[in-house]
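As structure tokens, the structure follows; a few thoughts come after it.
Bear in mind the structure is a predicted one, so any value in this text is a computation, not a measurement. When a ligand or atom number is given, it counts from 1 through the structure's own listing order.
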Amino acid sequence: MAASRTLRIGLIPGDGIGREVIPAGRRILEALPSSLGLKFSFVDLEAGFDTFKQTGVALPDRTVETLKKECDGALFGAVSSPTTATKGYSSPIVALRKKLDLYANVRPVKSVAPSPAYPEPIDLVTVRENTEDLYVKEERTYDTPDGPVAEAIKRISTRASTRIATMAGEIAARRARVRQGLGDGSGKQALVTVTHKSNVLPQTDGLFRSASFAALAQQRFKDAGVKVEEQIIDSMLYKLVLQPAYYDVIVAPNLYGDLLSDTAAALVKSLGLVPSANVGDGFAIGEPCHGSAPDIAGKGISNPIATLRSVALMLDFLDQEEAAAKIYAAVDGNLADGKLLTPDMGGKAKTDEVVEDVIRRRHCLPPLQDPTQPFSPAQPPELLQTKEYFIMADKYFLSVTAGPNYAEQTPLSINSEENTRITSDHLTANLTIRIQNFRGLDAHGQPSDSKTSPYFSRPSHQHDLYSLQFTFTPKEDINGHDLVFGNDFDHPIRDKLPPGFQQAFNIAKYWIDPGLYGDVQADEPYLYSPLLSSMNIFRVGPKDDREHEKLEEVRANNTREDVQILQEGGDADGEEWRREHKIPQDAAARKKYFLTEQHLRDVTIERGREYSNDFFNPYLDFNDFALRLPGFAVIPGITIPIISYWDGQPLRYVMKNRKTDEPLLVVVFTLVPKEQIEKGGKAVEEEKKEVEETPGGQGGDDDVD
Ligand SMILES: NC(=O)c1ccc[n+]([C@@H]2O[C@H](COP(=O)([O-])OP(=O)(O)OC[C@H]3O[C@@H](n4cnc5c(N)ncnc54)[C@H](O)[C@@H]3O)[C@@H](O)[C@H]2O)c1
Ligand SMILES: O=C(O)CC[C@H](C(=O)O)[C@@H](O)C(=O)O
């Protein structure tokens, strides 16, 4: 938790709806949970066209001086800059950016739900240079025989271009780290797109381009896997509208950045959702991207979310990520729920109702473990050990069993490459389970020594926390739509769900597994997805018996040390089966293909054919029973310590036939209190001792030597 601290925040509402949304920003700060150890004090400051009309000055010196001398950060609403030259008036926000050297304008744009035009998640950040370009505002008008001519200076410096591109590189690297650590399913690569018009302006935009490329060529960005591309601004806007999901971080000179962020806002439906932070060294001003919206000002219907997210963004840049995460999550909860939306989002709610709803949701996330350092198995365990839930987890051993149904269960050896064979009237199956940092029981019910598997050191799995790998051969045909995989429970869990679960579920559905369906409120709750769309790896084996035997032989000849990393594809006539069913060769494409119900229905999982699957992810940490989900805005993810809500019932992974509702394969994870095992262990030890001490008993020290 952050040390107890008071942050002084300057509040500059400005004009129009700025006066409606900045009070919302103040409210969310005041409502943040006290457990964060953060306090806020506020100072009201003037700027804007109304101020100009009243005082003749648009940006009073007091505002600038107070921000510089007293404040840790600030919130700026919007101003109604006139569209005709007005003597003595100059845009206060443009001036503030320069006076406080807030050189970067960072604007994340992220969708929370698919739309018909954009079914794929949009998650990008525009990073706009904030101090120069045409915004130096050095304009002049002079007379010529043909009438007045006006001109403006477009100034681009190496220094400003270098630092903005460096900021873009840093944001891309940080986002990639978070994506990797939390493993979101988007497969998105860290990418900075440098945008300019150097085909026409080779000196000014040419300098922006070359300085940006030089800054982004730094080794640390290469090490972080940040790819760099360029796009001329006109086609940039075109591509942004056509394929926004492709983009990650876009860096631009001042004016192009202004155009880019409003365009990007349209992709997610409203300017009223998009935040920004004007960032300098050690200071940040949160500012919604939108203007003073004279068309709706005074009606109490402006969307406060851009401002609430700007508050979070400001906190992010003031190193208060945990507080920021609470706000992002509460806002996402409101949007995912969709019941209280302002008219720009198609709802009827008033500004205040949305604010109240977001505030109600502010507790919905438990503390983050450390959002700047997303969890990865490589992380030193000390970091986790400080957490309360880890201490709780430490009281249990994990026991894993498997079988053809809920009743017939056999204990398994985790992280062993030896398959466990399961047979029933429905299928034969082989199962291998791997768990990173395993602290559980072996097949004999004793604490296991197999803490990890070489599987987790392979580059393709180094961020995964577990893998359920299984091969099955059905004894009857099953329709692709009927074969599902997921979790279920035999009694209600609705009272045990952590706060924010529904929201986490919605996010998981959108970002991780769109095929997910379930009812966690039911008497016998369940969460399932079609197997074909949810398995990370799906490999189709042969049907022909001889081919099968050949394959078995190859497998048998593999040395035991070899970790079996399953690859997407097919073996023998399995490849043909895949082609016949038009199943894409690539795993991500196959998962997507089977989100369409008809594609599932068109496939028959054939009797006698072998199907191999690997289900793995970095979300569920069996080590401490925590669910980790990817982040919301620029930065953080969430961790839900399931163990705090655990009521002792087992977690079951089930492959089943949804038509007959019969389980085909069931894996059960149970937490066993340590004392139970220790007692059991002692009993076993004592028994052994007794045997040893009995004259004529087997064993004994002599025999060992
Ligand atoms: N940071 C700033 O201070 C800033 C930014 C942009 C524009 N402006 C100024 O704002 C004034 C109005 O400009 P404009 O109309 O071109 O742009 P605008 O961003 O104010 O409004 C554009 C459209 O988006 C809608 N909209 C904007 N914010 C919304 C919100 N929170 N909720 C619901 N709908 C919202 C408006 O109703 C309008 O239809 C101009 O004087 C301009 O100079 C100031
Ligand atoms: O109207 C103003 O005074 C400033 C508008 C402002 C800008 O940077 O041009 C706005 O469009 C923005 O994106 O912050």
Side-chain angles (χ1 to χ4, degrees), residues 12-25 46-53 58-59 63 74-86 89-98 102-107 109 126-137 152 252-266 268-279 285-311 313 331 335 341-355:
I12 312 160
D15 305 312
I17 64 166
R19 295 184 180 281
E20 298 166 30
V21 293
I22 290 305
E46 295 290 330
F49 196 58
D50 284 344
T51 305
F52 173 75
K53 282 189 284 187
L59 180 63
T63 299
L75 296 175
F76 188 95
V79 289
S80 294
S81 295
T83 47
T84 49
T86 305
Y89 181 88
S90 181
S91 168
I93 182 65
V94 172
L96 263 181
R97 291 168 184 162
K98 288 186 246 173
L102 305 174
Y103 63 88
N105 199 319
V106 180
R107 301 185 156 179
V109 177
T126 62
V127 179
R128 164 187 177 185
E129 201 290 318
N130 221 13
T131 60
E132 55 179 33
D133 191 10
L134 280 165
Y135 277 71
V136 294
K137 297 179 62 170
N254 210 335
L255 181 61
Y256 306 151
D258 187 35
L259 310 182
L260 266 168
S261 57
D262 274 34
T263 308
V268 293
K269 202 161 176 175
S270 176
L271 257 177
L273 294 182
V274 180
S276 79
N278 298 279
V279 187
I285 299 185
E287 174 209 352
C289 273
H290 59 74
S292 58
D295 52 343
I296 56 166
K299 296 184 181 158
I301 55 164
S302 56
N303 193 338
I305 285 178
T307 300
L308 300 178
R309 284 176 162 171
S310 300
V311 172
L313 210 51
V331 165
L335 291 172
L341 302 176
T342 44
D344 56 313
M345 293 300 292
K348 291 196 171 116
K350 297 268 185 186
T351 309
D352 288 347
E353 290 172 312
V354 176
V355 177

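Residue P294 approaches ligand 1 through these ligand atoms, each under 4.0 Å from one of its heavy atoms: 12 (C). Of all atoms in ligand 1, numbered sequentially from 1 with element shown, those under 4.0 Å from a heavy atom of A78 are 2 (C), 3 (O). Set against the non-hydrogen atoms of V79, the atoms of ligand 2 under 4.0 Å away are 3 (O). Counting the atoms of ligand 2 from 1 in the order shown, those under 4.0 Å from a heavy atom of S81 are 1 (O), 2 (C), 3 (O). Here is the list of ligand 2 atoms found below 4.0 Å of a heavy atom in S91: 2 (C), 3 (O), 4 (C). Within ligand 1, counting atoms from 1 as listed, the ones closer than 4.0 Å to a heavy atom of S302 are 32 (N). Every atom of ligand 2 with a heavy atom of E287 under 4.0 Å away is listed here by number and element: 14 (O). Each of the following atoms of ligand 1 lies closer than 4.0 Å to a heavy atom of A293: 20 (O), 27 (C), 36 (C), 37 (O). The atoms of ligand 1 that sit less than 4.0 Å from any heavy atom of S80 are 41 (O). Shown in contact with G272 at under 4.0 Å from a heavy atom are these atoms of ligand 1, numbered in order with element: 30 (C), 31 (N).
In terms of protein heavy-atom proximity, atom 13 (O) of ligand 2 is nearest to D258 OD1, 2.8 Å. Among all non-hydrogen protein atoms, the one lying nearest atom 27 (C) of ligand 1 is H290 CB, 3.5 Å. In this structure, atom 1 (N) of ligand 1 lies nearest to the protein heavy atom E287 OE2, 2.5 Å. Of all protein heavy atoms, the one closest to atom 5 (C) of ligand 2 is I93 CG2, 4.8 Å. Remark: minimum distance from atom 41 (O) of ligand 1 to any protein heavy atom is reached at S81 O, 2.9 Å. The nearest protein atom to atom 37 (O) of ligand 1, hydrogens excluded, is given as D295 OD1, 2.8 Å; this is a heavy-atom distance. In terms of protein heavy atoms, atom 14 (O) of ligand 2 is closest to R97 NH2, 2.8 Å. With respect to atom 7 (C) of ligand 2, the closest heavy atom belonging to the protein is Y135 OH, 3.5 Å. Nearest protein heavy-atom neighbour of atom 29 (C) of ligand 1: I17 CD1, 3.9 Å.
Taking both residues in full, the closest heavy atoms of S292 and S80 are given as OG-OG, 2.7 Å, listed atom of the first, atom of the second, then distance. T126 and S261 make their closest contact through OG1-CB, 3.8 Å (heavy atoms, listed as atom of the first residue, atom of the second, distance). Between N105 and S276, the shortest heavy-atom contact is OD1-CB, 3.3 Å.
Under the 3.5 Å distance criterion, the side-chain polar atoms of D50 are left unmatched by any main-chain donor or acceptor of D15. A donor-acceptor pair under 3.5 Å is formed between the side chain of E20 and the backbone N or O of G298. Looking only at distances, no side-chain donor or acceptor of T342 sits under 3.5 Å from a matching main-chain atom of S302.
Ligand 2 has no nitrogen or oxygen under 3.5 angstrom from a nitrogen or oxygen of S261. Taking only nitrogen or oxygen atoms, main chain and side chain alike, S292 reaches within less than 3.5 Å of ligand 1. Between G291 and ligand 1, at least one N/O pair is under 3.5 Å apart.
Every heavy atom of A306 sits 4.0 Å or more from the atoms of ligand 1. In this structure, L271 counts as a contact residue of ligand 1, since one of its heavy atoms falls inside 4.0 Å of the ligand. Residue contact annotation: H290 has no non-hydrogen atom under 4.0 Å from ligand 2. By the 4.0 Å heavy-atom criterion, F76 is counted among the residues contacting ligand 1.
Closest to atom 32 (N) of ligand 1 by heavy atom, among I305, D262, N303, is N303. Summarising the contacts of atom 33 (C) of ligand 1 with V354, L273, I296, V79, the nearest heavy atom is found in I296.
Neither the backbone nor the side chain of I301 comes within contact range of ligand 1; no heavy atom lies under 4.0 Å.
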Margin query: side chain to side chain contact (heavy atoms under 4.5 Å, CB included) for N254 and R128? Distances and angles first, verdict last.
Written below: CA-CA 6 Å; N254 210 335; R128 164 187 177 185; 2.8 Å; yes

Item checked: side chain to side chain contact (heavy atoms under 4.5 Å, CB included) assessment of L96 paired with N278 -> CA-CA 10 Å; L96 263 181; N278 298 279; over 6 Å; no

Next item on the list: In sequence, state the C-alpha distance, the side-chain angles, and the governing distance for T131 and L102, and then conclude on side chain to side chain contact (heavy atoms under 4.5 Å, CB included).
Entry: CA-CA 7 Å; T131 60; L102 305 174; over 6 Å; no

Notebook entry, point to check: Passes side chain to side chain contact (heavy atoms under 4.5 Å, CB included), K137 versus S91? Steps please.
Noted result: CA-CA 10 Å; K137 297 179 62 170; S91 168; 4.2 Å; yes

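Not a single protein heavy atom sits closer than 4.0 Å to atom 25 (C) of ligand 1. Under the 4.0 angstrom criterion, atom 14 (P) of ligand 1 counts as lacking any protein heavy-atom contact. The protein reaches atom 7 (C) of ligand 1 closely, with a heavy atom under 4.0 angstrom from it. Distance screen at 4.0 Å: atom 19 (O) of ligand 1 has a protein heavy-atom neighbour inside the cut-off.
Counting heavy atoms from C-beta on, the side chains of L59 and T51 never come closer than 4.5 Å.
The pair D344-K269 does not meet the salt-bridge criterion, since no charged nitrogen lies less than 4.0 angstrom from a carboxylate oxygen.
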